J.: 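Before I ask anything, let me first share the structure, which is written out below as structure tokens.
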There are 2 protein chains.
Amino acid sequence: MLTTQRKKAILDALARDGQVLAGELSVEFGVSEDTIRRDLRELASEGLLQRVHGGALPVSPALAPFELRRDIESAAKQRIARQAAAMIVPGQTAIIDGGTTSALLVKALPADLRATIVTHSPSVATALAEHPSVEVILIGGRLYKHSIVAVGAAAIEGISRIHADWYFMGVTGVHPTAGLSTGDFEEAAIKRAFAARAAETVVLASSSKLNAASPFVIGEITLAQTIVVEKDADRELMRQIETAGVTVVRA
Amino acid sequence: MLTTQRKKAILDALARDGQVLAGELSVEFGVSEDTIRRDLRELASEGLLQRVHGGALPVSPALAPFELRRDIESAAKQRIARQAAAMIVPGQTAIIDGGTTSALLVKALPADLRATIVTHSPSVATALAEHPSVEVILIGGRLYKHSIVAVGAAAIEGISRIHADWYFMGVTGVHPTAGLSTGDFEEAAIKRAFAARAAETVVLASSSKLNAASPFVIGEITLAQTIVVEKDADRELMRQIETAGVTVVRA
DNA sequence: CTTGATGTTGCACGAGTGTGCACGATACCA
DNA sequence: TGGTATCGTGCACACTCGTGCAACATCAAG
């Protein structure tokens, strides 16, 4: 069994049972607990599950009440989010997808911004319900429990009815040749659909995402017109990205 | 059971009952009281509960949106919600709309229930994301900020793609001649659309909703096949409703 | 085919974490 | 004030974790 298959199976088991134990997984897949621990560690670093002593839990509790944990409230990520929020001009329409970066973007929207926000994340929608002046369009579909966003054919179809000025895309991997990638198959399809319906796609990438590749490819790096990175991002990599025709913004 | 899960279960029990006792928790989870005391101490240090001699109390009477206080009214509502949840047979599909009654219904779903839940409420969707075995279908549309549910033409169209076994409808008015009503125009339309797509519509009505009429009419009382009320509901009113052909269930 | 680089896996070891028990201190209640 | 339940602390034990290292498979280049 391939490593990626095993990881996928771990996520499936987690979605099915609501919890996984390192010991049980090791028996089920016929590998040592060390290997399982390694898998869990890597999946946790991609934000696909929450590591706890003895096993792992779904990542949901972190985002459900939309309370951001301190470890993701890094100053750099907030600067990226603010930079992105500043791009939206009153009257425009912007798509925001799920994930921690998007959560910060929502918090960074000015209170007096009159704009329309499209999202497939119930958490983002709930958070924006308190915003005084933005209109919120919720994309429906099958709820994907790993990342708590709507996915599937119904979601793709809902997206096809939208035209937006901006799409702010969260990713887990930005690589000059491997392109934009994410740790989740379903989400990759949704991100492609969003990108196709926005005049300009903006990738928000903290430094840990740069020069990294996750299992599921969203598309070439040129799928984005702009990428917002931290100000100390690697110069050589940024040069390559700019050569490909993508505008690099340092926050 | 993992430590993290036990702590979460303690917080759930606290939200449900308004208090927890160290001794009871120790029996319930099959661990020593020492372990429970340690858990309570750590949860208290995180500010998630208030430690008292013998157990713990909620940190403040003002609770999170989905955690209702255990006053007399909500105890009755909980019985109604549990009665409704018990109607769902594994494998069936049920529609749950927004509102506090629906929030209680979500909490009352058995953890091992394998069913499909359709909802236009991001809050319900987010809450159900933590449920281990239900499939969640989110209805998209324009977000109505007043009640935080998806409404409008897109929502109506999304509903038209669904066929459900049950629709659990929350209302603010049940009246023998004025019918079923709610305080919101957009929501009335959505509720009509849901009712049209369900084999059986079940109205959940606490006593304060009975013999009352709200501004916007959803439809005749016969739009519902069943109505779940508190066990001390007015006999004469219930008789009228039953005469109209609606089954009355007392919880 | 050989060689070296790369990636995956299992094992060993020390560190870290969770749990239950014992004991003395403390808080509640009559 | 005395009795009882609860609490905090120290400690032992078992389990889990992270790290370093070696074995092995894969693959590309020579």
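Chain A is the first sequence line, chain B the second, and so forth, proteins listed ahead of strands; every chain is numbered from 1. Note that the coordinates shown come from a computational prediction; the quantities given were computed from them, not determined experimentally.
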J.: Between A:F194 and A:Y167, how do the two ring planes meet: parallel, tilted or perpendicular, split at 30° and 60°?
T.: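 The rings of A:F194 and A:Y167 sit tilted, inter-plane angle from 30° to 60°.
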J.: At under 4.0 Å, does any side-chain N or O of B:R37 touch on OP1 or OP2 of D:dT6?
T.: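 No, no such contact exists.
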J.: On the nucleotide D:dC7, are OP1 or OP2 found under 4.0 Å from the side-chain N or O atoms that B:R51 carries?
T.: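 For B:R51, the contact criterion (side-chain N or O under 4.0 Å from OP1 or OP2 of D:dC7) is met.
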J.: Over how many whole Å does the gap from A:R41 atom CZ to D:dG20 atom P extend?
T.: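 These atoms are roughly 11 Å apart.
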J.: Taking atom types as they are modelled, would you say the side chain of A:D34 forms a donor-acceptor pair with the base of C:dC11 within the 3.5 Å cutoff?
T.: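 Indeed, a donor on one side and an acceptor on the other fall under 3.5 Å apart.
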J.: Less than 4.0 angstrom between a side-chain N/O of A:S32 and OP1 or OP2 of C:dC11, yes or no?
T.: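 So the side-chain polar atoms of A:S32 never come under 4.0 Å of the phosphate oxygens OP1 or OP2 of C:dC11.
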J.: In whole angstrom, give the distance that lies between atom CD1 of B:I10 and atom P of C:dG18.
T.: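 Going from B:I10 (CD1) to C:dG18 (P), I get 13 Å.
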J.: Can you check the A:L21 CG to C:dT17 C1' distance for me, whole Å?
T.: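 A:L21 atom CG is separated from C:dT17 atom C1' by 16 Å.
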J.: Charged N to carboxylate O under 4.0 angstrom, A:R239 versus A:E236?
T.: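 A:E236 and A:R239: salt-bridged.
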J.: Rounded to whole angstrom units, what separation is found between the CG atom of B:D39 and the C1' atom of D:dG8?
T.: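 Checked: the CG to C1' distance equals 15 Å.
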J.: For A:T35 and C:dT9, is the shortest distance between a side-chain N/O and OP1 or OP2 below 4.0 Å?
T.: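 So the side chain of A:T35 is outside the cut-off, no N or O lying under 4.0 Å from OP1 or OP2 of C:dT9.
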J.: Hey, is B:E230 close enough to B:K77 for a salt bridge, meaning N to O under 4.0 Å?
T.: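 Not counted as a salt bridge, because no side-chain N and carboxylate O are separated by less than 4.0 Å.
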J.: Between A:D12 and A:R16, does any side-chain N to carboxylate O distance fall below 4.0 Å?
T.: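 No, no charged N to carboxylate O under 4.0 Å.
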J.: Assess whether one donor atom and one acceptor atom, taken from the side chain of A:R38 and the base of C:dG10, lie less than 3.5 Å apart.
T.: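 Answer is yes: a donor-acceptor pair is held.
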J.: Nearest whole Å is fine: how far is D:dC15 P from A:E24 CD?
T.: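 Value for this atom pair: 15 Å.
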J.: Whole angstroms only, please: what is the CD-C1' distance between A:E33 and D:dT19?
T.: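 So the two atoms are 16 Å apart, to the nearest Å.
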J.: Starting at CZ of A:F29 and ending at P of C:dT8, how long is that distance when rounded to a whole Å?
T.: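 Result: 17 Å.
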J.: Side chain of A:H53, heavy atoms from C-beta onward: which of C:dG18, D:dT19, D:dG8 has the nearest atom to it?
T.: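 Selected nucleotide: C:dG18.
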J.: Phosphate oxygens OP1/OP2 of C:dT19: is one of them under 4.0 Å from a side-chain N or O of B:R6?
T.: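 For C:dT19, OP1 or OP2 has a side-chain N or O of B:R6 closer than 4.0 Å.
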J.: Which of these, B:R37, B:K7, B:R6, sits in a salt bridge (charged side-chain N to carboxylate O under 4.0 Å, His left out) with B:E42?
T.: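 One option only clears the test, and that one is B:K7.
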J.: Can you check the A:L25 CG to D:dC17 P distance for me, whole Å?
T.: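 Whole-Å distance recorded here is 11 Å.
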